[in-house]
Amino acid sequence: MADISLDFHFKSPINKVWDALTNSDTLARWVMENNFKPIVGYKCQFQNKEIDLIVDSEVLIVDEPYKLSYTWVGGPINTVVTWTLKQEGEMTYLHLEQTGFEKEDFAFNGAKYGWAGKMEDLKKVLEESLESNIS
C-alpha cells in the first residue's frame, strides 16, 4: 500500500480554509465541479468534463473546522481523502492524507502532483476571499 501525505499552510483563518474544503461552489473553483455537502454519509460526485473523469465520494468524517474525510473513487483510484486543519496565529496548517493506493504508480503520482497543483489554486481562492472582505 502507498499513501500520500502532504502539508500546506495559508495565511487565512481556519474557517475560510474549512469553507474552501466544504462549500460546493468554492470547491468547484479549485478542485472540480461537484455536488458536495459536508454531511456524514452523503454521497456525491466530483466531475471534470474536460478529461471525462467522475469521482464518486461518500463523506466519512465531518469535525468542523478540524477534520474532513471522504472516499475518492474514480478511474483506477479507490482511496480515502482526509483533511486535517490547525490554526496557529494568522496561519492555518492543512494536512492532506490520501490512503489506499495499491502502489506508487501512475495513479498515485498523478494524485500526488495533482493535489500539489490544486493547492496553488486554493491559495488564489483564499487570497481572493481575503481581498473581497477588505474592500
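In what follows, every heavy atom counts, from backbone to side chain, and hydrogens, waters and symmetry copies are set aside.
Annotation: salt bridge (Lys or Arg N to Asp or Glu O under 4.0 Å) contacts involving residues 73-96, sequence neighbours excluded, comprise K11-E90, K86-E88. Sorted by first and then second residue, the salt bridge (Lys or Arg N to Asp or Glu O under 4.0 Å) pairs with a member in residues 22-34 read R29-E128; sequence neighbours excluded. Identified under the salt bridge (Lys or Arg N to Asp or Glu O under 4.0 Å) test for residues 94-116, with sequence neighbours left out: none.
With sequence neighbours excluded, no residue satisfies side-chain hydrogen bond (donor to acceptor under 3.5 Å, both in side chains) with Q87. Not counting sequence neighbours, F10 has no partner by the ring pair (Phe, Tyr, Trp, His ring centres under 6.0 Å) test.
Between Y66 and W18, the distance separating the two ring centers is not shorter than 6.0 angstrom. Checked against a 6.0 Å centroid threshold, the rings of F36 and Y70 count as neighbours.
Summarising the local packing, NZ of K118 is surrounded by more than 12 heavy atoms from other residues, nucleotides or ligands at distances under 6.0 Å. Counting non-hydrogen atoms of other residues, nucleotides and ligands closer than 6.0 Å to NE2 of H9 gives a total of 12 or fewer.
Here the straight-line distance linking atom CD1 of I14 with atom CE of M91 works out to 12.5 Å at 0.5 Å rounding.
Here the closest non-hydrogen pair linking L53 and G75 is CD1-N, 4.3 Å.
Side-chain contact check for V81 versus L96: some heavy-atom pair is nearer than 4.5 Å.
Between W115 and W72, the ring planes are tilted. Angles from 30° to 60° get that label.
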Show every donor-acceptor pair shorter than 3.5 Å between a side-chain atom in residues 54-65 and any protein atom, with sequence neighbours excluded, or say none if there are none.
| from | atom 1 | to | atom 2 | distance (Å) |
| --- | --- | --- | --- | --- |
| D56 | OD1 | Q45 | NE2 | 2.8 |
| S57 | OG | T71 | O | 2.7 |

